[in-house]
Amino acid sequence: MNNFVLKENIDLLNTLDSGQSFAWQKIIEKENSYRGYFRNSELLVTEKDESIHVEVLNGVLEDDLKERFLYYLGEDPYSLENFNILLEDSVISPVIEKYPRLRILKQEEWECMVGFITSSCSNLERIKYHMRLLRQINNDIFPDPAKTYQIGENRLRELGFGFRAPYIINLAKSLIDEETSIDKLRRSTYEESLNSLVKIKGIGRKVADCILAYSFDKKESFPVDRHVLKGLIRWYKYPKKITPEKASDKAKKKFGNLSSHAQQYIFHRQRLASRADMWGGDHLVHAINNDIN
DNA sequence: GTCCAGGGTGAAA
DNA sequence: TTTCACCCTGGA
C-alpha cells in the first residue's frame, strides 16, 4: 500500500531511540521495531535483512514520504570524508566497531528545537512523554509555531513543561514574527547559526549545538552535556573543571567537520561506561555481552 | 517522609 | 566566574 522499504543498513536503536530524537518508542514485543512520528505520519519502522521496512500507520500521506524519510535517516558514516580520522582515534574506534551503523538524523527543525528546549534538566522518557502530549492535543499533528503560540504558556505548564513553557512560546513568537528564520539558520554557517540560536531565551550553548547537529546537519557542532563532558575528561584528559562551552570549543577544534559524529560516539561510549561503572568492570567488554535490546 | 538528580538556562551575586 | 531558582517526577 503506502508502505515502503529502504535499502539502508541502520542501527535503529541507537539512531532513533537514544537521545537524538524524542519521537520514537521501541516496540517491546517486536525485535528492532520502533513506532513514532515523522512529519504528520505515524510510522512503524523495522530493521530487517539489512533494510528498513516502513509501515504507514496513520496520518497525512505525502507522495514524497519515502524520499523525505530517507533524508531524515542521515548518511552512512563510512561515506563521510576523512572518516578514517575517527577510525584512527583510540577512544572512538572501539565504539564505531560496536556501533558501525549509527547515524545522525536530519530532523524537522521546529520539532527538534522544541524537543531540546524540553530536554533541559529532564530525562529521555519524560521528554518523549511531553512531546507526545503536545502532539496529541493537536490531533496527532505536531503543532507548528503559530498553533503552539495559540496553545500558550499556561496550557504548556498544565501539560507539565514547567519552566520550559515560556521558552517554547517565546521561540514560537520569534518564528512567527520572523525575527528567527529556519531558512536563514539553514543557509548560514555553523558559527552564524549558533550565535543566532543562543540569543533566543531558553536556548543555551548545549541545546543550540544539539539543534544544529541533529536537525540542521551542521557537522562542526559538538554538543557537550554532562555525560559527554565526563567522557572528554575521562578519555581525552580535559581539565577536570573545564566548562561545557570550553570543552565543546576544544573538541570542535580537534574534530572539525567530524565533530557531530565524534560527539555521538563519545556520548555512546560514556553511556556504556556508566552502565559498566554500576556493574563494575570494563564497559566495552560489558557492552558486547550485555547490550540493551 | 525528605532529598536529589535528570541531555540546562538565565539572571544575579 | 560562580551560584541559584526554575517545573516535575521517580528512586534512594
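To find a chain, count down the sequence lines: A is the first, B the second, and so on, and within it residues start at 1.
A:Y214 does not carry A:K106 over the face of its six-membered ring by the limits of under 6.0 Å from the centre and within 45° of the normal.
For the pair A:I117 CD1 and B:dT9 P, the interatomic distance rounds to 10 Å; values are reported in whole Å. Summarising the geometry, the separation between NZ on A:K206 and P on B:dT9 is reported as 7 Å, rounded to the nearest angstrom. Put simply, CG on A:N170 is 13 Å from C1' on B:dT9, counting in whole angstrom units. In this entry the distance linking CG of A:L159 with C1' of C:dC7 reads 13 Å, nearest Å. Distance CG (A:L229) to C1' (B:dG8): 13 Å, rounded to an integer number of Å. When rounded to the nearest whole Å, the span between CD of A:Q270 and P of B:dG7 equals 12 Å. Between the CD atom of A:E125 and the C1' atom of B:dG7 there is a distance of 13 Å, rounded to whole Å. In this structure, the CD atom of A:Q263 is 14 Å from the P atom of B:dG7, given to the nearest Å.
Comparing B:dA5 with C:dT3, their P atoms are spaced 15 Å from each other, to the whole Å. Across the C1' atoms, B:dG7 and C:dT1 are found 23 Å apart, a figure rounded to whole Å. Distance check on atom P: B:dA12 versus C:dC7 gives 15 Å, rounded to whole Å. C:dT9 and B:dG10 have their C1' atoms separated by 23 Å, given to the nearest Å. Between B:dT9 and C:dG10, the distance separating the two C1' atoms is 23 Å to the nearest Å. Across the C1' atoms, C:dC4 and B:dC4 are found 15 Å apart, a figure rounded to whole Å.
Using a 4.0 Å heavy-atom distance criterion, A:G202 is classed as a sugar-phosphate-only contact. Among the atoms of the strands shown, only primed sugar atoms or phosphate atoms (P, OP1, OP2) are found under 4.0 Å from some heavy atom of A:I203. Heavy atoms of A:L124 sit under 4.0 angstrom from primed sugar atoms or phosphate atoms, though from no base atom. Across all strands, A:E158 comes closer than 4.0 Å to no nucleic acid atom at all (heavy-atom distances). Residue A:I200 is in sugar-phosphate contact alone, with no base atom involved, counting any heavy-atom pair closer than 4.0 Å across all strands shown. Residue contacts for A:Q20: at a heavy-atom cut-off of 4.0 Å it reaches a base atom on one of the strands shown. Residue A:K241 is classed as having no contact, given no heavy-atom separation below 4.0 Å to the nucleic acid.
Two residues are said to be in side-chain contact when any heavy atoms from C-beta on lie closer than 4.5 Å; A:Y37 and A:M131 fail this criterion. Considering only heavy atoms from C-beta on, A:R68 comes within 4.5 Å of A:F38 through its side chain.
Taking all atoms of both residues into account, the shortest heavy-atom contact from A:E47 to A:I10 is CD-O, 3.1 Å.
In this view, A:K147 and A:N138, A:P143, A:D144, A:Q150, A:I151 satisfy the side chain to side chain contact (heavy atoms under 4.5 Å, CB included) rule, not counting sequence neighbours.
OP1 or OP2 of C:dC7 sits under 4.0 Å from a side-chain N or O of A:R157. OP1 or OP2 of B:dA11 sits under 4.0 Å from a side-chain N or O of A:K201. Between A:K230 and B:dG7 there is no side-chain N or O to OP1 or OP2 distance below 4.0 Å.
For A:Y190 and A:F216, the ring centers sit 6.0 Å or farther from each other.
Using modelled atom types, one side-chain atom of A:Q20 and one backbone atom of A:R103 make a donor-acceptor pair closer than 3.5 Å. With hydrogens and angles disregarded, no donor-acceptor distance shorter than 3.5 Å links the side chain of A:D177 to the backbone of A:E179.
One donor-acceptor pair, N or O on each side, does fall under 3.5 Å between the base of B:dG8 and the side chain of A:S120. Scanning atom types as modelled, no donor and acceptor separated by under 3.5 angstrom connect the side chain of A:R164 and the base of C:dC6.
Under the stacking definition used here (centres under 5.5 Å, planes under 30°), the residue A:F163 qualifies as stacked on the base of C:dC6.
No side-chain N or O of A:D64 forms a donor-acceptor pair with one of A:Y71 less than 3.5 Å apart.
Of the candidates C:dT9, B:dG7, B:dT9, the closest approach to any side-chain atom of A:Y167 belongs to B:dT9. The nucleotide whose nearest atom lies closest to any side-chain atom of A:K246 is, among B:dG8, C:dT1, B:dG7, C:dT1.
Pairs of Watson-Crick or G-U wobble type, with distances under 3.5 Å, assemble into runs of 3 or more in DNA chain C at these ranges: B:2-6 with C:8-12, B:8-13 with C:1-6.
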